[in-house]
Every structure is written in C-alpha cells, then in structure tokens.
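Everything on this sheet refers to the single structure shown next.
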Protein chains: 2
Amino acid sequence: MRADARKNYSHILTVAREVVTEHGADASMRDIARRADLGLATLLRHFPTREALFDALLCTNLDALTQKADELETSNAPDEALMFWFRAWIAFAQSYRGVVAMMAAAHTNPDSALYASCAAVHSASARLLRRAQGEGTARADMNGDDLFALITALGWAVDQPSFAPRADHLFHLIASAILTNRSSSDAKKATC
Amino acid sequence: MRADARKNYSHILTVAREVVTEHGADASMRDIARRADLGLATLLRHFPTREALFDALLCTNLDALTQKADELETSNAPDEALMFWFRAWIAFAQSYRGVVAMMAAAHTNPDSALYASCAAVHSASARLLRRAQGEGTARADMNGDDLFALITALGWAVDQPSFAPRADHLFHLIASAILTNRSSSDAKKATC
DNA sequence: ACCTGAACACCGTTCAAGT
DNA sequence: ACCTGAACACCGTTCAAGT
C-alpha cells in the first residue's frame, strides 16, 4: 500500500470509531468520509461495504474474543469458562450500538466481510459449550447454534435502550437457562 | 372520512400487507405507494410515519394478543397461561420480518405511533407473569421488564433466518429460564 | 497506484398547486 | 376535504477523469 493510502486507511478507522460511537452501526458512510475530509469514493475504495469497515473496526475485539475462548478452555472449569466467555461476548456486543444485529445478519450470508468473524465466534462458543456439556454442567439438549442464538439474542437485547438497565440480570437469566445447576457457585461468580 | 379517502386507506393497507410480507418492516414506503397506484404524499397523509402504518397493519393481531392474555388469565393455570401467551407472542413476532425490532424501538419512545401498543403488550405479559409468580411457578427474581426483554429477544432471534430453524427449541430454553419447575408438565404442553 | 467529483437511482419529508 | 407532482436533503454505488 502506498504511504498516502496507508495514512488514509488508518485515518478512516479513527474517524469511523468516533462516528460509530455516536451513531451506531447504521452511521452514514458519507458522514464518516466527510468527517475524515475524504471523498466518499475514497472511503469505499478502502472499505467497499459497511461490513468490511466493521470487520476492520472490530477485528481486534473479535480476535481477543476468540483468543479468550482458548485461554479459558485450558485455565478454567468448563462451566466457569463458558460463563466468563459469555460475559466477554456481551461486553463486546455493547462496544457499538447495532453490532450484534449486523453480525446476526452477516452470520447468514457467506459473502459478507464479517462472515468469517461470525463463524469464528460461533465455533469458539460451541467449543466451550461442548466442554461444559461433557462435564454435565451445561444442558445436553442444546447445540452450538442454540447457544449462539441465545447469546446473540441477549446481545441484541442489551443493545436496546429500554432493556439495557436490566442487562446484568438478563445475563443471569439466560445463563441459568444454559447451565444445568441453577445455583452453581461457578455460575454465580460469572453471573453476579 | 370522504369515500375516496376511505377507499385509499383500505387499499393502502391491502397493498402494504403484500409488500411487507415480501420485504419486511423496512419495506420502502415509496414502493408501497407505487404498488397502490398512489402518490407517496397520499400514503403519508394517511400514515405519516412507518410506525403509524404498522400500527394499522398490526392492530388486529395486537388486540388479539392482549385479549388472549385476558382469556388465559381466567381459563388456565397461571404457568400454562403464561406459556400459551408467550407462544402467541412468538407467532405474532413471526407475522412480518422486522416487526419485533420495530416494536422494541417503539417501546422506548412515547412519540411513536406504536408506543401504546407496545405498552399494552408489556402490561399484558407482566400481568400473566405476576399471576404465575404468585403461584410460585415463575421465577420470583424477575419483573415485567425482564420478561418483556426475554420474549422480545426471542422474537428477534426467531426473526433471523439463521436462528429460525431452532425457533421451537429456543422457545423451550427461554421458557425453562422463566418457569420455576423445569420439567413441569404444564410447561411441556406449551413448549412442545 | 491512488484519489475524487459527478452522475445515478434510491430514500422519506414537505408543501404549493390542483380537484 | 383530499390528492399529488415537484423540490429537497439525504443515502450508497459506480466510474471517468485527474494526480
């Protein structure tokens, strides 16, 4: 990449972070370009779609999330690991408004620039679930798709202004639906 | 209302139902007007906002939903009533793509044409919850806001193409998070 | 190589002019 | 009363012309 292009690239990301913080995932691409003092066409040259931009915006967080799954898998009890990771996912979901809805949509469509990231999150969570199921601390009548649906649904919910105040409690409720032992102390550590 | 206006009004609703069935709640208002052979301004005269149109589109379903809450409250066991109504809500959520997201947004904003309808659904569900809690069959550490958040989150989830295939099972999982007795036969009747 | 203004086909809002 | 074309300020896409 040429020096000026590289400079534009990182400048776009900086500005996009600001704009998206204010307006959420539906922020106007034109507005981002405007605030970066660039033509809209230039922005779209670097990030041909909104999802390409978000993949770049979120890749650090997303990598941290999948890496955290690896760490938890070796260093924590299965149910504890699942719940800690679930918490981390919800924190991620709250990074910018609308990200979860965007990821849920991207999850369906292999052409999306976010598809690979979604799949990575999905498989990380599925791995943690299977491990807890092996130990008998997570419901056996549930698969990776179910887990992903539940945590994504909660991620969407805590994104809604009217539901956000109850985010912690809602987390606890969903957690209790996933774990076998409702009052497990491990779960409590993660859900309280 | 003048005769021609009344005719336009109902014609718009008929056409809107078709277009929204195809394109979901984000369907273009212009497209609806076009298909109705009317100027966009005429459509917006009858329904000044998208939410006003949807309030009209959904009012029959919404009324049925709140009325169903009344019926269930007198004719069924509290936990059974709660679960039957929950099922009806999910069926409503599946009537058109995007309605749940729209209602969640409307729920926050008192100026929305859908606000009253959201409040009605909210209070109907809260009533059924309190009754089940009184009997001890629904979790005590949960309020009407929590329930509304959970059922709305599930409504959103089953709206996503990738989660829809597991809709029934996801319902069961959320139901088990709401009810006290996980394998209650009443719950089973509603969740299976 | 990389940037960008401009034309394009959309969207919902508003209102003056028509019947 | 009710309808509507047109102007408006937006949006993302595309590409020919510039450096």
Side-chain angles (χ1 to χ4, degrees), chain A residues 1-20 22-57 96-99 101-102 105-106 109 111-115, chain B residues 1-20 22-57 96-99 101-102 105-106 109 111-115:
Chain A
M1 207 184 320
R2 228 165 61 179
D4 57 341
R6 178 180 302 278
K7 202 184 157 199
N8 279 340
Y9 182 93
S10 61
H11 185 227
I12 288 169
L13 285 182
T14 306
V15 173
R17 246 177 264 277
E18 290 172 21
V19 178
V20 169
E22 289 176 35
H23 298 97
D26 298 325
S28 155
M29 299 291 271
R30 227 187 193 97
D31 193 27
I32 296 172
R34 242 183 327 244
R35 286 222 227 169
D37 270 312
L38 289 171
L40 171 59
T42 306
L43 188 157
L44 292 169
R45 234 184 134 273
H46 286 283
F47 307 103
T49 63
R50 175 184 302 279
E51 303 194 337
L53 174 61
F54 272 84
D55 194 40
L57 275 182
Y96 302 112
R97 258 175 306 137
V99 271
M102 182 173 232
N109 139 353
D111 295 336
S112 165
L114 272 171
Y115 182 75
Chain B
M1 205 183 322
R2 227 166 59 179
D4 55 342
R6 178 179 302 278
K7 203 185 157 198
N8 279 340
Y9 182 92
S10 60
H11 185 226
I12 288 170
L13 284 182
T14 306
V15 172
R17 246 177 264 277
E18 290 172 21
V19 178
V20 168
E22 289 176 35
H23 297 98
D26 298 325
S28 155
M29 298 290 271
R30 228 188 194 95
D31 193 26
I32 295 172
R34 238 180 331 240
R35 286 222 227 170
D37 270 312
L38 289 171
L40 172 58
T42 306
L43 188 157
L44 292 169
R45 232 184 136 272
H46 285 283
F47 306 103
T49 64
R50 177 184 302 279
E51 304 195 337
L53 173 61
F54 273 82
D55 193 41
L57 275 182
Y96 302 112
R97 258 176 305 138
V99 272
M102 182 173 231
N109 143 6
D111 294 337
S112 164
L114 271 171
Y115 182 74

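For clarity, every value in this text was computed on a predicted model and none was experimentally measured. Below, read A as the first sequence line, B as the second, and so on, with proteins coming before strands; counting in each chain starts at 1.
- Going from atom CZ of F47(A) over to atom P of dT13(D) covers 14 Å, rounded to whole Å.
- Toward the 5′ end of DNA chain C lies the nearest nucleotide of N8(A), the other residue of the pair N8(A) and A27(B) mapping further downstream.
- Remark: R97(A) does not engage E22(A) in a salt bridge, criterion side-chain N to carboxylate O under 4.0 Å.
- The base-pairing partner of dC11(C), taking Watson-Crick or G-U wobble contacts with both distances under 3.5 Å, does not exist among the strands shown.
- For S28(B) and dG12(C), the shortest distance from a side-chain N or O to OP1 or OP2 is below 4.0 Å.
- Residues F47(A) and F54(A) keep their aromatic ring centres 6.0 Å or farther apart.
- Looking at the side chain of A41(B), the nearest of the listed nucleotides dC11(C), dG12(D), dT4(D) is dT4(D).
- Across all strands shown, R50(A) has heavy atoms under 4.0 Å from sugar-phosphate atoms exclusively, and none from any base.
- Of all nucleotides listed (dG12(C), dT4(D), dC3(C)), dT4(D) comes nearest to the side chain of T42(B).
- When distances run from any side-chain atom of M29(A) to the nucleotides dC2(D), dG12(D), dC3(C), the shortest one goes to dG12(D).
- R30(A) has no side-chain polar atom (N or O) that falls below the 4.0 Å cut-off from OP1 or OP2 of dG12(D).
- For D4(B), taking side-chain heavy atoms from C-beta onward, the closest of the listed nucleotides dC3(C), dA1(C), dC3(D) is dC3(D).
- Of the candidates dG12(D), dC2(D), dT13(C), the closest approach to any side-chain atom of L44(B) belongs to dT13(C).
- Contacts of L40(B) with the nucleic acid, taken as non-hydrogen atoms under 4.0 Å apart, include base atoms.
- Contact annotation: R34(B) side-chain N/O to dG12(C) OP1/OP2 distance is not under 4.0 Å.
- Neither OP1 nor OP2 of dC2(D) sits under 4.0 Å from any side-chain N or O of H46(B).
- dC2(D) and dG18(C) make up a base pair, with Watson-Crick or G-U wobble contacts both under 3.5 Å.
- Atom CG of residue L38(B) and atom CG of residue L43(B) lie 7.5 Å apart, to the nearest 0.5 angstrom.
- Between R45(A) and dC3(C), a side-chain N or O to OP1/OP2 separation shorter than 4.0 Å is present.
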